[in-house]
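Reviewing the structure listed below.
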Amino acid sequence: MAELDQTGEEGGPRGLALVTERLGEFLIVVAGSIVLVGVLGIVIAALRGHRYSPSVANAYYFTGCIVFLAGSFPSGGFSVFRGRSRRRPMGGGAFAIPAMLLGVMLIGIGALVDIVHPF
């Protein structure tokens, strides 16, 4: 249920603070994911003795695709623990848009690394 401000309307100062807080959390997750996947690609390239740019690009591609697909899975309708439920599957769940956006961003960074070859 949406929070109401002092006038009884949705939004207000608390609503804006909540949106700002959630946006800040999302940006921290995006930055952390970009750094973590890049470092993972560099470590894999170093262990395998290959060039860094293709390995980093592949790490971004692979991780971005996994995150995008995970965000697009429907939620509800079936549970591993409870079996079928009465609830109908609905969309991709609460994390669909942020996860899909993060996946697309990681794929885009992979394409950028693949084109520019910074390493």
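Position 1 is the first residue of the sequence, and the numbers go up from there.
- Distance check, rounded to the nearest 0.5 Å: OG of Ser33 to CG of Leu40 gives 12.0 Å.
- Minimum heavy-atom separation, Ala45 to Tyr52: CB-CD2, 3.6 Å.
- In the hydrophobic clustering of this structure, Val43 groups with Val35; members are Ile, Leu, Val, Met, Phe, Trp, Tyr whose side-chain heavy atoms approach within less than 4.5 Å, directly or through other members.
- Applying the side-chain hydrogen bond (donor to acceptor under 3.5 Å, both in side chains) rule to pairs touching residues 18-27 yields Arg22-Glu25, sequence neighbours excluded.
- A distance of 10.0 Å separates CG of Leu23 from CD1 of Ile28, quoted to the nearest 0.5 Å.
- Taking both residues in full, the closest heavy atoms of Ala59 and Gly41 are given as CB-CA, 3.9 Å, listed atom of the first, atom of the second, then distance.
- The distance from atom CD1 of Ile107 to atom CD1 of Ile66, rounded to the nearest 0.5 Å, is 10.5 Å.
- Leu106 contributes atom CG, which lies 6.5 Å from atom CD1 of Ile34 (distance to the nearest 0.5 angstrom).
- For residues 53-70, the set of pairs meeting the side-chain hydrogen bond (donor to acceptor under 3.5 Å, both in side chains) definition, not counting sequence neighbours, comprises Tyr61-Asp114.
- The cluster map of Ile, Leu, Val, Met, Phe, Trp and Tyr, joined by side-chain heavy atoms under 4.5 Å apart, puts Leu102 and Leu112 in different clusters.
- A distance of 9.5 Å separates CZ in Phe62 from CD1 in Ile44, rounded to the nearest 0.5 Å.
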